[in-house]
2 protein chains.
Amino acid sequence: MKKLTIKEFARAINMSVSTVSKALRDSHEISSSTKQKVVAMAEELQYHPNPYASSLRRKKSKTIAVILPEVADSFFSLAINGIQAVAEQKGYHVLIYLSHDKYQNEKAFIDDCGSGRVDGVLISVSQETVSASHLRQLQSGNVPVVFFDRSLSGFETASVETNDFECGYIAAQHLLQNGCRNISMLSISGCLSICQKRTDGFLAALEEAISKDETISGSITELGDKHEMAMQQIADVLQNSNSPDGIVASAESVAIQVYLATSKLGVAIPQQLKVVAFSTLETAEILNPSLTTITQPAFDIGKTAAEILFKAIEKPQFTLADEHIILPSRLVKRQSSTGMVFAEMTLSM
Amino acid sequence: MKKLTIKEFARAINMSVSTVSKALRDSHEISSSTKQKVVAMAEELQYHPNPYASSLRRKKSKTIAVILPEVADSFFSLAINGIQAVAEQKGYHVLIYLSHDKYQNEKAFIDDCGSGRVDGVLISVSQETVSASHLRQLQSGNVPVVFFDRSLSGFETASVETNDFECGYIAAQHLLQNGCRNISMLSISGCLSICQKRTDGFLAALEEAISKDETISGSITELGDKHEMAMQQIADVLQNSNSPDGIVASAESVAIQVYLATSKLGVAIPQQLKVVAFSTLETAEILNPSLTTITQPAFDIGKTAAEILFKAIEKPQFTLADEHIILPSRLVKRQSSTGMVFAEMTLSM
DNA sequence: CTGAAAGCGCTAACAT
DNA sequence: ATGTTAGCGCTTTCAG
């Protein structure tokens, strides 16, 4: 079957091109009987307007871009679900770009997103991103940008994040309350604002505790971004002369590596080491032992960010910089930090 | 900063539009000194060609679509990584559509993919998809389609899958070899060809075993697609009068639900129930107990499917129907089916 | 309410 | 090697 143009289609059904165009876009200048006829015939003859001709003419692509570090991570995949849900409802298409936490990739994608390819961009910045120049470029081309989860300070636009500082505080406090005396934060990147906030919260709780009890201590480790290296660093932390008895993992991948490392080194969680992780892992409940998490509202973060982006797309005078949404995460206590069940079993052995 | 058109840009640098256009596309008709100048000035003045004007003119979108059931599933997210890797290298953009296993969604996306929006489609069909009419539509519009993981019989095109029958066989055999006498296959959908193949392999191994030992038995359960219902069904299977002592979970989500159900019902894995699951879960190793998996080469499946798609995009005479790649999965034995460590612990309690 | 025609920004034939 | 221009398929004035 040949691909129909609007001209051919119009001729085939004995109408003018503009009538067809207007009818399909549901213009009020067209009688409803005509509209019905056109729509029916379009279905019948399989006429689909060429989206690029339409985009060119209308200067609207009906497409948004999502730029994120990684999709093989439950936080991001859930966020994409949220984004997709609202895009679909709005009749928008979603381009996905994976930066793999490299600034160069991110910049290349962003550059591609100028020039009218997309009507808006949702981004969770890479670990390496420190400058916002590439984003500024976009903004000056009138492409709205919304941060989700990982934002960039020094660039004024909407953001949808979680309460990272508070959660860092809660995580540390939780470990201390469960008897830890020497807690350690494993952070994936000192540059990332969310890690910085989580770490700051952790430090706040730690200092507060130290001020009451000087025997308490703590530390912070920034992991390299290569998996092998991170693994080694974690092993080093655990075998250190004053190794911690409590760990806050700042991301899902870190939590997994901590579990793998402890199992290899024979460190028992939670008896020797208590763990709490920032993560939305679906398997947290069934890990060995089950993992205490700070669970982010990943789907809602994606959904909310997309909703804000569409507000900006739909009315250009919308002030993105005023929108800073915080969706709180929650602490889900499980055995890795409380360890009641396993502690008993250990005693009996 | 205003958005530059090629006309304005050409005037600004004192060249003709065609020179600019050709230079940017690296045409052989242009001297390399001119090319360099043009590229440099484009960077300087931030000229980015409008992709839609280009697509309209060249009848090429430089975009592919990926249609899949779900992204919050480690198999699919890894496959996307593979796809993205080759798309990026080819300078292509990737549109993602999530069918959530609904045929209606899938069809709507596919219809959108005709009309030149994309140069090709990678698809893993929904559970509900039985007819290929929507795909035929695409094909007749000369949009190449490649199946990855989940294909559809009765539609001739390339596919990249894993050895599902064989793995079903291996999974069942593995359970039987580890002492199971009554094994059960939990399948997510009887319609899905991959589930059918896995089930057929399972049955083949089961029948073979029964022919040698009549006391062995087995069953197959098709789970409903709503999570709650599936959970209840799994609980029913486990509490049945002749409940199985071995389970093959046909997908990641099933495995997770089996673990949750057993933990709720107090069924001990692997002592009372051995489990093997088709899954690429990164946390399989650290589950409680660690999960024996049939691990699919998810990244490579995505990558290979994309490579084949690009072959077809690059030379239209390429015969897609001849390409049927099978990338083998492998059995990774862990405690959920072998249970050496935990079995001993139990004895001592 | 319907139709004719200009033009979105680019590419590629064709002319120079 | 570089420039001129028709036209990709659509939308949208503007005229009827």
Side-chain angles (χ1 to χ4, degrees), chain A residues 2-39 41-42 45-63 91 112 114-119 141-143, chain B residues 2-39 41-42 45-63 91 112 114-119 141-143:
Chain A
K2 212 202 144 283
K3 215 165 279 175
L4 243 39
T5 70
I6 196 173
K7 225 167 164 178
E8 295 162 341
F9 174 61
R11 183 155 27 221
I13 65 169
N14 239 318
M15 290 187 182
S16 82
V17 170
S18 63
T19 304
V20 168
S21 176
K22 285 169 187 164
L24 289 176
R25 318 201 114 267
D26 201 24
S27 159
H28 56 144
E29 305 179 33
I30 302 292
S31 75
S32 57
S33 70
T34 311
K35 279 181 193 168
Q36 290 186 349
K37 213 173 300 174
V38 172
V39 170
M41 290 308 290
L45 300 183
Q46 285 292 318
Y47 167 66
H48 298 285
N50 180 313
Y52 297 133
S54 173
S55 292
L56 177 57
R57 191 53 235 260
R58 311 189 68 203
K59 297 174 183 311
K60 273 285 187 183
S61 64
K62 281 275 181 183
T63 303
D112 246 330
S115 69
R117 183 180 294 280
V118 298
D119 298 343
N142 281 317
V143 179
Chain B
K2 212 203 145 281
K3 214 165 281 176
L4 243 38
T5 70
I6 195 173
K7 224 166 163 178
E8 295 162 341
F9 175 60
R11 182 156 26 220
I13 65 170
N14 241 319
M15 293 189 183
S16 80
V17 284
S18 66
T19 304
V20 168
S21 175
K22 286 169 185 163
L24 289 176
R25 318 198 114 268
D26 200 26
S27 158
H28 55 139
E29 306 180 31
I30 303 292
S31 74
S32 57
S33 72
T34 311
K35 278 180 194 168
Q36 289 186 350
K37 212 173 301 173
V38 172
V39 170
M41 289 309 289
L45 301 183
Q46 284 294 317
Y47 167 67
H48 298 286
N50 180 313
Y52 296 133
S54 173
S55 292
L56 178 58
R57 190 55 233 257
R58 311 189 66 206
K59 297 178 181 311
K60 273 285 187 182
S61 65
K62 281 275 180 181
T63 303
D112 247 330
S115 68
R117 183 180 293 280
V118 298
D119 298 343
N142 281 318
V143 179

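Please read these numbers as outputs of a predicted model, since none were measured by experiment. By convention in this document, chain letters (A, B, ...) are assigned in the order of the sequence lines, proteins followed by strands, and residues within each chain are numbered from 1.
Within the 4.0 Å cut-off from OP1 or OP2 of dA1(D), not a single side-chain nitrogen or oxygen of K35(B) is found. Proximity of R25(B) to the phosphate of dT11(C): a side-chain N or O atom is located under 4.0 Å from OP1 or OP2. For the pair S54(A) and dG9(D), the criterion of a side-chain N or O lying under 4.0 Å from OP1 or OP2 is not met. One finds no side-chain N or O of S16(B) lying less than 4.0 angstrom from the OP1 or OP2 phosphate oxygen of dT4(D). Not one side-chain nitrogen or oxygen of Y47(A) sits closer than 4.0 Å to the OP1 or OP2 atom of dG9(D).
Protein atom CG of L56(A) is 9 Å distant from nucleotide atom P of dC8(C), rounded to whole Å. Taking atom CG of residue D26(B) and atom P of nucleotide dT11(C), one finds them 13 Å apart after rounding to whole Å. Protein atom NZ of K3(A) is 11 Å distant from nucleotide atom P of dC10(D), rounded to whole Å. One interatomic measurement links the two molecules: CD of E8(B) to C1' of dG7(C), which rounds to 14 Å at whole-angstrom precision. Here dT2(D) presents its P atom at 13 Å from CG of N14(B), a figure rounded to the nearest Å. Taking atom NZ of K62(B) as the reference point, atom P of dC10(C) lies 17 Å away to the nearest angstrom. Atom P of nucleotide dG7(C) and atom NZ of K7(A) are separated by 16 Å, given to the nearest angstrom. The interatomic distance linking R57(A) (CZ) with dC10(C) (P) rounds to 15 Å, in whole Å.
Residue S21(A) is classed as a base contact, given a heavy-atom separation below 4.0 Å to a base. Contacts of S55(A) with the nucleic acid, taken as non-hydrogen atoms under 4.0 Å apart, are absent.
To the nearest 0.5 Å, atoms OG1 (T19(B)) and CD1 (I6(B)) are separated by 9.5 Å. Atom OG of S18(B) is separated from atom CD1 of I30(B) by 7.0 Å, given to the nearest 0.5 angstrom. Separation of atoms NE2 (H48(B)) and CZ (F9(B)) is listed at 10.5 Å; rounding is to 0.5 Å.
Listed by chain and number, the residues in a side-chain hydrogen bond (donor to acceptor under 3.5 Å, both in side chains) with S54(A) amount to none (sequence neighbours excluded).
Out of dA4(C), dT11(C), dC8(D), the shortest distance to the side chain of R58(B) is found at dT11(C). In this structure, of dC10(C), dC10(D), dC8(C), it is dC10(C) that holds the atom nearest to the side chain of T5(B). Residue S31(B) has its side chain nearest to dA1(D) when only dA1(D), dG3(D), dT11(D) are considered. Of the listed nucleotides (dC10(D), dT11(C), dG3(C)), dG3(C) has the atom at the smallest distance from the side chain of T19(A). Considering only the side chain of N50(A), dC10(D) comes nearest among dC10(D), dT11(D), dC10(C).
Annotation: of the two residues near DNA chain D, V17(B) and Y52(A), the 5′-most nearest-nucleotide partner is V17(B). Remark on DNA chain D: of its neighbouring residues M15(B) and A53(B), the 5'-side contact belongs to M15(B), judged by nearest-heavy-atom nucleotide.
Side-chain N or O atoms of K35(B) include one that pairs as donor or acceptor with a backbone N or O of S27(B) at under 3.5 Å. A donor-acceptor distance shorter than 3.5 angstrom exists from the side chain of Y52(B) to the backbone of R117(A), with no hydrogens or angles considered. With S55(B) contributing its side chain and K60(B) its backbone, the two residues share a donor-acceptor pair below 3.5 Å. For the pair D119(A) (side chain) and S61(A) (backbone), a donor-acceptor distance under 3.5 Å is present.
A donor-acceptor contact under 3.5 Å links the side chain of S18(A) to the base of dA4(C).
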Extract from the structure each pairing of a protein N or O with an N or O of nucleotides 14-16 of chain C at less than 3.5 Å, listing the distance.
none

